[in-house]
There are 4 protein chains.
Amino acid sequence: MTASTPPGKTTRPRLRADAARNRAQVLAAARTAFRELGTAAPLDEIARRAGVNIATLYRRFPDRDALITQVVLDGFTVVLDAARTAAQTARTDPLGALETFILDLVANREMLVLPLIGGPVTNAPQARDLQRQIAAALEEVLSAAREHHAVRPDVTAVDLITTTALVCRPLPHLPQQQADALVTRHVGIFLDGLRPNTTRQLPTAPAHEEFAAHLTPDPPTDTPHTTPTNH
Amino acid sequence: MTASTPPGKTTRPRLRADAARNRAQVLAAARTAFRELGTAAPLDEIARRAGVNIATLYRRFPDRDALITQVVLDGFTVVLDAARTAAQTARTDPLGALETFILDLVANREMLVLPLIGGPVTNAPQARDLQRQIAAALEEVLSAAREHHAVRPDVTAVDLITTTALVCRPLPHLPQQQADALVTRHVGIFLDGLRPNTTRQLPTAPAHEEFAAHLTPDPPTDTPHTTPTNH
Amino acid sequence: MTASTPPGKTTRPRLRADAARNRAQVLAAARTAFRELGTAAPLDEIARRAGVNIATLYRRFPDRDALITQVVLDGFTVVLDAARTAAQTARTDPLGALETFILDLVANREMLVLPLIGGPVTNAPQARDLQRQIAAALEEVLSAAREHHAVRPDVTAVDLITTTALVCRPLPHLPQQQADALVTRHVGIFLDGLRPNTTRQLPTAPAHEEFAAHLTPDPPTDTPHTTPTNH
Amino acid sequence: MTASTPPGKTTRPRLRADAARNRAQVLAAARTAFRELGTAAPLDEIARRAGVNIATLYRRFPDRDALITQVVLDGFTVVLDAARTAAQTARTDPLGALETFILDLVANREMLVLPLIGGPVTNAPQARDLQRQIAAALEEVLSAAREHHAVRPDVTAVDLITTTALVCRPLPHLPQQQADALVTRHVGIFLDGLRPNTTRQLPTAPAHEEFAAHLTPDPPTDTPHTTPTNH
DNA sequence: GATGAATGAGTTTTCATTCAT
DNA sequence: AATGAATGAAAACTCATTCAT
C-alpha cells in the first residue's frame with residue numbers, strides 16, 4: 001500500500017499529471033510545515049512552500065482538516081507498511097524485526113506527523129482502521145518474540161506505538177544530525193530495556209481498544225484550529 | 001531555587017502584591033495553553049484563562065517571546081531542582097535517585113514546557129546556564145551510579161535530558177490517566193535499559209557542550225513566532 | 001507677559017515647586033513631541049520624555065486638548081512678545097524691527113507649535129485674543145514702515161503671520177543647522193520682496209477678522225485625535 | 001513620466017485592471033489623509049476612504065512605510081515633471097518659467113506629500129534620484145535666468161526646493177480659498193525678492209549634495225511610525 | 001485546472017484613561 | 001502629589017476563504 005493515492009477508496013477519475021504533482025507537493029510541504037510550526041501553520045505558507053497558489057491548495061483540500069487528515073493517514077500508512085514488513089520477518093528473527101521496525105521509523109520520522117497515539121488529529125474512520133491494523137501486525141511480531149523469549153512478556157503493541165509516537169516528534173531547535181544521534185541512543189536504551197530479564201514491574205497497559213475509543217467522534221472541539229502541540 | 005521570582009537579576013524593587021499574583025496567573029495559563037495549543041496559542045486566550053486583561057499581560061511580557069522565555073526558564077528551574085535533589089541522594093542510592101528524578105518529572109510534567117533539548121525556544125542566556133547546571137548535577141548522579149555498577153557505563157547526562165524532553169511532552173488527545181500509564185510504562189522500560197549488562201552499542205553521544213552551543217545565538221530566525229511544534 | 005504661568009487667569013493656590021517643574025517639563029516635552037510626531041503623539045511618550053509618570057501628566061492636563069491648548073497658547077505668547085517688542089522699535093527703525101521680528105522667531109522656532117494661521121488646534125478663546133493682539137502690534141509696525149516707505153504698501157499683518165506660520169514649521173529630516181540656513185535664506189529673499197518698488201500685484205489679502213473667525217467654535221470635529229498635520 | 005506606474009522597476013507583469021484601480025484609489029486616499037491627519041493617519045481610515053478593504057490595502061502595500069514611500073515618490077514625480085517643463089521654457093522666458101513652476105505647484109499642492117527637503121519620509125533610493133533630477137532641472141532654469149539678469153545671482157536650486165517644501169504644506173484649519181490667497185501672496189512676495197537688485201546678503205546655501213546625503217541611510221530610526229509632523 | 005485578487009474575521013499590539021497605593 | 005498597575009478601546013496586521021479571471 002502506498003501512502004496517499006489521492007483521496008481514499010472512492011477514487012475519482014484520476015488526477016491530471018500536473019494536478020497530481022501539485023497535490024503531492026502540497027502534502028510534502030504540509031508535512032514539513034506541520035512538524036515545524038504545528039498543525040496551525042498558515043495555509044498560505046504551506047502553499048508557498050509547495051510552490052502553488054493558495055487556491056490550488058483549497059481545490060485539493062477543502063479545509064485544513066482535510067489536509068491534516070491526509071497527512072496523518074499518510075503517516076499511519078508508513079507505519080503500517082513498516083509493521084507489516086516486520087510481521088513478515090518476525091518468524092525467523094523477531095527481535096531483529098522489532099528493532100528494524102522502530103529504527104527505520106525513527107530514521108524516516110520526517111514522514112510522520114503523528115501522534116499515532118493520543119489519537120490522530122482527525123476523525124477519519126480510516127485512521128481508526130489503520131491503527132487497528134498496525135496494532136495487529138505489531139502484536140504478531142511480539143507474539144513471535146515472546147515465543148523466542150526475545151522480549152519481556154509484559155510489553156504490548158501499544159507500548160511500541162507509544163514509543164514511536166514519543167520519539168518521532170520533532171526536536172525543533174536541534175540540528176538534524178544531533179537529533180538523530182540522541183533519539184537513536186534513547187531508542188537503543190529502550191530496546192535494551194525490552195530484554196526478558198526484567199527488573200521492574202510496569203503499570204498496567206491500557207488495552208488497545210480502550211484508547212482507540214478516543215479516536216472517532218473526538219468531541220467537536222471548537223478550539224480555533226490553533227494546533228494542539230507540545231514541546 | 002524557586003521558579004520565576006519575577007524577571008531575573010537586573011530588575012526593579014519587587015512587584016506589588018496584586019501584580020505579582022497576576023503575573024503568576026499569566027504564567028500558569030501560558031504553561032497550560034502552550035502545552036495544549038502550542039507556543040502559537042493566542043495571547044488573548046492566555047489572558048482570558050489567567051483572568052486578566054490582555055494589556056496586563058503585555059505590561060508584564062512585552063511580547064510573545066518574553067512570555068515563552070519565562071515559561072521555559074521556569075520549566076528548566078523545575079528540572080534543575082529535581083536534578084539537584086537527585087544529586088544529593090546519589091551517594092547512598094544512585095539508581096533510586098535517577099529513577100525518582102525521571103518519574104517525578106513525568107508525574108509533574110504539566111509544569112514543563114520544554115524541550116530541554118534542542119534548546120529552549122528562546123535565546124535567553126539564562127537558559128544556557130540552567131542547562132549547564134542541570135547537566136552537571138545529572139553527571140554527578142551518573143558518576144555515583146557508574147561506581148556502583150548500577151548503570152551501563154555509556155549512558156550520559158545528555159541521554160537523561162533527552163529522555164526527559166521526549167517523554168514530558170503532551171499527548172494532547174489522550175486522557176490524562178491513559179497518558180500517564182503509557183508514558184510511565186515507556187519510562188519503565190527505558191530504565192530497565194539502563195542496566196549495566198548491555199546488549200547493544202549506542203551511537204556516539206554528542207557532548208553536552210556541543211548541542212548547548214545551539215542555544216544562544218539561535219540563528220535569528222525571522223519566522224514570525226508561529227510555534228515550532230509538531231504532532 | 002511670560003508664557004505659561006500655570007493655567008490662565010483664575011490661577012489656583014500656586015503649584016508646589018516640584019509640581020511646577022514637572023508641569024514645565026511636560027510642556028517642553030510636548031512641544032518637542034508635537035513638532036516631531038504631530039499632535040497625535042502618544043501621551044505616554046511625552047510623559048516619558050518629560051521624565052514623569054503618565055498619571056502625573058494627566059493630573060496637570062486633564063486631556064490631550066488641554067495640553068495642546070497650553071502649548072499653542074505658549075507659542076502665541078512668544079509671538080506676541082516678539083510683535084510688541086517690534087512695535088516699540090518701529091518708530092525709529094521700522095524695517096529693522098520687522099526683520100528682527102521674523103528672524104528671531106525663526107531662530108527660536110523650536111518654541112512654536114502653531115499654526116498661528118489656520119487656527120490653533122484649539123477652541124480656547126484666549127487664542128483668539130492673542131491673535132488679535134499680535135495682528136494689532138504687527139499692524140503698528142507696518143504702519144510705521146509704510147510711512148517711511150520702507151515696505152511695499154500692499155503687505156499686511158496677515159502676510160507676516162502667514163510667513164511666520166509657513167517657515168516656523170519643522171523640517172523633520174534635516175539637521176538643525178541646515179534647516180536653519182535654508183529657512184533663513186528663504187526668509188531673506190522674502191524680506192527683500194517686501195521692498196516698496198514692487199513688480200507684481202498680489203491677490204487680495206483676506207482681512208484678519210475674516211480668517212480669525214475660523215478660530216473659535218471650530219465645529220467640534222469628532223475626528224479622533226489623530227492630528228491634523230502636514231508635511 | 002507619469003506618477004506611480006505600479007511599483008517601480010523590478011516588478012511583475014502588470015496589475016489586473018481592477019487591482020490597478022484599487023491601488024490608485026488607495027494612493028489618492030492616502031495622499032489626502034496624510035495631508036489632513038499626518039502620516040500617522042489610521043490605515044483603515046485610508047482604506048475606507050478608498051472604498052477597499054483594509055486587507056486589500058495591505059496586499060498592495062505591505063506596511064505603512066511602503067505606502068508613505070509611494071505617496072512621497074509620486075509627489076516627487078509631480079515636482080520633477082513641473083521642473084522639466086520649466087527647463088524647457090527657460091531659454092525664452094526664464095523668469096516666467098520659474099514663476100509658473102512655483103505657482104503651479106502651489107495650485108496643485110494637494111498632490112504633494114513632501115517635504116522635498118528634509119528628505120522624504122522614506123529611505124527609498126528612488127527618492128534620492130528624483131531629488132537630484134529635480135535639482136538639476138531647476139539649476140538649468142536658474143542658469144538661464146541668471147544670464148538674462150532676471151534673478152539675483154545668489155539664489156540656488158536648493159532655495160527653490162526649500163520654498164516648495166515650505167509653502168506646499170497644508171494649513172489644516174483654513175478654508176481652501178483663504179489658504180490659497182495667503183500662500184499665493186507669500187509666494188508673490190518671495191518672487192519679488194528674487195529680483196537682481198538685492199539689498200541683503202543671504203547666509204551660505206548648503207550645496208544640494210550636502211543635504212541630499214541625509215536621504216539615504218536615514219538613521220534606521222526605530223521610531224514606530226508615528227509620523228514626523230508639525231503644525 | 002490554476003491563479004491573482006478581494007474580503008471578513010481574527011489576533012496582536014498600542015494607547016488613553018482611570019484607579020489604588 | 002506622584003506612581004505602579006489595570007483596563008477598554010482602537011489600530012495594525014494576518015489569515016482563511018471565496019470569487020473572478
Side-chain angles (χ1 to χ4, degrees), chain A residues 15-23 40-47 52-60 62-64 224-226, chain B residues 12-23 40-47 51-64 224-226, chain C residues 15-23 40-47 51-60 62-64 67 224-226, chain D residues 12-23 40-47 51-64 224-226:
Chain A
L15 289 178
R16 225 167 63 182
D18 56 341
R21 183 160 24 80
N22 281 346
R23 184 172 183 280
L43 293 185
D44 57 2
E45 168 71 10
I46 293 177
V52 304
N53 187 283
I54 176 69
T56 300
L57 182 155
Y58 269 90
R59 166 173 286 272
R60 269 332 133 211
D63 57 24
R64 180 185 294 275
H225 230 311
T226 315
Chain B
R12 283 154 278 173
R14 197 164 284 288
L15 286 179
R16 227 164 62 182
D18 54 344
R21 183 158 26 80
N22 282 343
R23 183 172 183 279
L43 293 184
D44 57 358
E45 168 71 10
I46 293 177
V52 304
N53 186 283
I54 176 69
T56 299
L57 182 156
Y58 270 91
R59 179 174 191 47
R60 268 333 131 209
F61 305 98
D63 55 25
R64 180 184 294 277
H225 228 309
T226 319
Chain C
L15 289 178
R16 225 167 63 183
D18 57 341
R21 184 159 25 78
N22 282 345
R23 185 173 183 279
L43 293 184
D44 56 3
E45 168 72 11
I46 293 177
V52 304
N53 187 282
I54 176 68
T56 301
L57 182 155
Y58 269 90
R59 165 174 284 273
R60 270 332 131 210
D63 56 26
R64 179 185 293 275
L67 182 54
H225 232 310
T226 317
Chain D
R12 282 153 278 176
R14 198 165 282 288
L15 286 179
R16 229 165 60 183
D18 55 343
R21 183 160 26 80
N22 282 343
R23 184 173 183 279
L43 294 184
D44 57 0
E45 169 70 9
I46 293 177
V52 304
N53 186 283
I54 176 69
T56 300
L57 183 156
Y58 271 93
R59 180 174 189 51
R60 273 326 136 209
F61 305 98
D63 56 24
R64 180 185 294 276
H225 229 310
T226 318

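In the text below, chain A, chain B and the rest are named by the order of the sequence lines, each starting its count at 1. Values below: every heavy atom of this structure, side chains too, minus hydrogens, waters and symmetry copies.
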Taking any heavy-atom pair under 4.0 Å as a contact, classify D:Asp63: base, sugar-phosphate, or nothing. nothing
Nearest of E:dA5, F:dC15, E:dT17 to any side-chain atom of D:Ala19? E:dA5
Report yes if at least one side-chain N or O of A:Asn53 is closer than 4.0 Å to OP1 or OP2 of E:dG4; otherwise report no. yes
d(CG, D:Asp44; C1', E:dG10) in whole Å: 15 Å
F:dA20 C1' sits how many Å from D:Arg21 CZ, rounded? 13 Å
What is the separation between atom CD1 on A:Ile54 and atom C1' on E:dT3, rounded to the nearest whole Å? 12 Å
Using a heavy-atom cut-off of under 4.0 Å over every strand shown, decide if A:Ala55 touches base, sugar-phosphate, or nothing. base
Nearest-nucleotide pick for A:Leu43, side chain only, options being E:dA5, F:dA16, E:dT3: F:dA16
When you measure from the side-chain N and O atoms of C:Asn22 to the phosphate of F:dA1, is any distance below 4.0 Å, counting only OP1 and OP2? no
How close or far is atom P of F:dA1 from atom CZ of C:Arg23, stated in whole angstroms? 13 Å
Quick one: D:Phe61 CZ to F:dA12 P, roughly how many Å, whole number? 16 Å
What is the distance, to the nearest angstrom, from the OH atom on C:Tyr58 to the C1' atom on E:dT17? 5 Å
On the nucleotide E:dT7, are OP1 or OP2 found under 4.0 Å from the side-chain N or O atoms that D:Arg59 carries? no
Base paired to F:dT21 (Watson-Crick or G-U; both N/O distances under 3.5 angstrom): E:dA2
Determine yes or no for a side-chain-to-main-chain donor-acceptor pair under 3.5 angstrom, with D:Arg64 supplying the side chain and D:Ala41 the backbone. yes
In whole angstroms, the gap separating P of F:dT14 from CG of D:Leu57 amounts to 12 Å
With the side chain defined as heavy atoms from C-beta on, C:Arg64 is closest, among E:dT3, F:dA1, E:dA16, to E:dA16
Any strand, both distances under 3.5 Å, Watson-Crick or G-U wobble: F:dG8 pairs with E:dC15
Nearest-Å distance, CZ (B:Arg60) to P (E:dT13)? 17 Å
